[in-house]
Number of protein chains: 2
Amino acid sequence: MPNDHKMADGIFNKRDTSRVTMTDVGRLAGVTQVTVSRALSHPDKVSKDTLRRIQDAIDATGFVPNAVAGALASKRSNLVSALIPSLTNVVYTSFMATFSQHLRQHGYQVLLSETGFDAASEDALIATHLSRRPDAILLTGIHHSDKARKQLQGAGIPVVEIWDITDDPIDICVGFNHHAAGRAVAEYLKAKGHAFAATITADDERALRRQSAFAERFTALSQSAVPDANTGGTASIGAGREAMAHLIDHSDFRKGAVFCSSDLSAHGAIIELHTRGYKVPQDIAVVGFGDQDFAGDIDPALTTVAVDRLQLGHLAANSVLDKLAGRPTKSVHDLGFKILTRLSA
Amino acid sequence: MPNDHKMADGIFNKRDTSRVTMTDVGRLAGVTQVTVSRALSHPDKVSKDTLRRIQDAIDATGFVPNAVAGALASKRSNLVSALIPSLTNVVYTSFMATFSQHLRQHGYQVLLSETGFDAASEDALIATHLSRRPDAILLTGIHHSDKARKQLQGAGIPVVEIWDITDDPIDICVGFNHHAAGRAVAEYLKAKGHAFAATITADDERALRRQSAFAERFTALSQSAVPDANTGGTASIGAGREAMAHLIDHSDFRKGAVFCSSDLSAHGAIIELHTRGYKVPQDIAVVGFGDQDFAGDIDPALTTVAVDRLQLGHLAANSVLDKLAGRPTKSVHDLGFKILTRLSA
DNA sequence: CTGTTAGCGCTTTCAG
DNA sequence: CTGAAAGCGCTAACAG
């Protein structure tokens, strides 16, 4: 009877296989728990025969290692935290897809969160992430509160800031100069012969920086003011249409070029212009930002500012991996940008 | 001298504040580590005065609790795993945004991964996630390998399958019937008087199920075959254009209606049709799927199949929370769908 | 190649 | 209200 009871509590009858431990596996394979641990992390240090018996025991029990315990003991979580402004903006998620995939190949998992527009909540989110003891952390943008900077520095892990650039990163930054991008578009449009310009901008700190650089430069070159239509929080086709409509109805902008802070709003602007009978680019030219996958597929194909997001993903991931491996790393990576000339401007 | 040395190693000089422990905080506040733990998780069980001293010590040291140790000791990670097919598909990420936000308000963090199209790798990904001992896990779709099902059941945690529906979920499922959706669109288009139809479908198991239900039903109603153009892996505007071009160039489909597996490909189809001089919906009508945010903003506004993603997010999150709290929960939630009639069909 | 011994930094009883 | 003791399941030296 007592034996039967033991059996009922034994590993074969654990309905909850997540509670199977290395000790259980070891017992079944006739070795200690430590050998099981070794078999999993340093298989070369365990004999072929033992390895096989352990593998059998793992299969029989459905053992799934407990990474929480592993992380606590080893002080390495194999977790990389990532904070992006929005989960639904392809510009950020396509970067994340590359970044995660790259890191996954090296055994790291990415803990991804959306920071949203509430800058105040970033601090709390950072603290929550740090409590998981990630091996590295990635942030979007270069503006963070003093408290956040302090916490991040205190964490003693690699910190990567992306999508913008500064001489004074917390640790590493990889991105490009938004001011220079806005300026470059102004010069491009002026060179194309446009005497008037307007902007359509989302409520995003980096977009606003591009816009102001654009307006400043274009005004300097053409002596004409640059009206702006703000789309509010998130760029979208609908917001772009509305902004374009607003520009036409409520400013004296009738011909020239529009610089949009996103390909989405640019697409919306084009739709609105077509609906109203304007020809793009003959009557009004449109420039987007981001080179999203559809930019070349709309009509007319969209002229836009391209940043190599694939390279951004790889560089960010490699910077993390290099730092983690103790290899020397550059702390500032300027990716640059490129104006992709298509038909819309 | 020995004292000085102690100071140099003391908590005030730890550059690495992530190594400040509750013991350090307690020492500074004149209490033991246990009291610090209590102050954080059950503040009501600690005296006002002690609480204040502990709070001061936390501020002074920059202490960030170690959730890894906490999870190991308490067997609760406050982590919820989520696996979605793609990080760049708004249909999934907009759901995730709602889901995470909702869970975050209840103290859970979401560990998000992209499964991609490689069905085989899902198993490995599930195992990796389970090793973090999440308190619950969310999967997209209802088709998982036997091995995966076994592991998931063994984990002894709530499992939510979304975006599809079945009588036999692993635990909980919340979604809608894809077959019924395809069928409903066929009936809608037939009722609109269309005698011919075609489909544009991405390489996605659920999209294919909608397509075959559509084709079967439409053929039954109209006695005419339904040609399909497959866009391959991911739906996009570009893929939609190509597929539409292919349909016109390589099938005898010239008039009628096209049912697309995504609003993106539908948008692409419309652009291609306009480019070729066809009028939508007079010459060819177009129906999308998903009701993405731009659907009403393109020209003509897109008729599409809408699923309430917001409700999906809330229901999925609430199911998890209910289950975790031991409240009774329904295991199958059918969200249904709705054909949104706009101008394109 | 395998085992022993110590923790990792918390939470959870159980005492006082 | 506070403390002492006992782990959670693993990894990291160190022996053998």
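Because the structure is a prediction, the values reported are computed rather than measured. Each chain gets a letter, A, B and so on, in the order its sequence line appears, and its residues count up from 1.
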Partners meeting side-chain hydrogen bond (donor to acceptor under 3.5 Å, both in side chains) with [X] (sequence neighbours left out):
| X | result |
| --- | --- |
| A/H314 | none |
| B/D59 | B/Q55 |
| A/S47 | A/T50 |
| A/H143 | A/E205 |

Quick one: salt bridge (charged side-chain N to carboxylate O under 4.0 Å, His left out) partners of A/D44, sequence neighbours excluded?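 Result, salt bridge (charged side-chain N to carboxylate O under 4.0 Å, His left out) vs A/D44: none returned.
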
With sequence neighbours left out, write down each residue that passes side chain to side chain contact (heavy atoms under 4.5 Å, CB included) with [X], or none if nothing qualifies.
| X | answer |
| --- | --- |
| A/S81 | A/L111, A/H129, A/P134, A/I137 |
| A/S74 | A/R76 |
| A/I165 | A/C173, A/N177, A/V332, A/D334 |

Please check if any side-chain donor atom of B/D322 sits under 3.5 Å from a side-chain acceptor atom of B/T329, or the reverse.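 No, no side-chain donor-acceptor pair sits under 3.5 Å.
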
Taking only N and O in the side chain of B/T50, is any of them less than 4.0 Å away from OP1 or OP2 of D/dT2?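 Checking B/T50 against D/dT2: at least one side-chain N or O falls below 4.0 Å of OP1 or OP2.
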
Angle between terminal axes - the helix from C/dC1-D/dG16 to C/dG16-D/dC1, 5 pairs each end, rounded to 10°: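 About 30°, once rounded to a multiple of 10°.
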
Atom [atom1] of [X] and atom [atom2] of [N]: how far apart are they, to the nearest Å?
| X | N | atom1 | atom2 | answer |
| --- | --- | --- | --- | --- |
| A/D135 | C/dC8 | CG | C1' | 15 Å |
| A/N66 | C/dC10 | CG | C1' | 14 Å |
| A/R27 | C/dG3 | CZ | C1' | 16 Å |
| B/M22 | C/dT11 | CE | C1' | 9 Å |
| B/K48 | D/dT2 | NZ | P | 12 Å |
| B/F63 | C/dG9 | CZ | C1' | 9 Å |
| B/D49 | D/dC1 | CG | C1' | 12 Å |
| B/R19 | C/dC10 | CZ | C1' | 17 Å |

Within residues 69-77 of chain B, find the residues that approach DNA chain C with a heavy atom at under 4.0 Å, and present them sorted by residue number.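 Heavy-atom contacts with DNA chain C come from B/A69, B/G70, B/A73, B/S74.
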
List the atom pairs, donor and acceptor, that lie under 3.5 Å between side-chain atoms in residues 98-105 of chain B and the rest of the protein, sequence neighbours left out.
| from | atom 1 | to | atom 2 | distance (Å) |
| --- | --- | --- | --- | --- |
| B/T98 | OG1 | B/S94 | O | 3.1 |
| B/S100 | OG | B/M96 | O | 2.6 |
| B/H102 | NE2 | B/N318 | OD1 | 3.1 |
| B/R104 | NH2 | A/E114 | O | 3.1 |

Please determine whether a side-chain nitrogen of the Lys or Arg among B/R149 and B/D146 lies less than 4.0 Å from a carboxylate oxygen of the Asp or Glu.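 No, this pair does not count.
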
Contact residues, residues 29-40 of chain B to DNA chain D [heavy atom, < 4.0 Å]: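 Only B/V31, B/T32, B/V34, B/T35, B/R38 qualify.
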
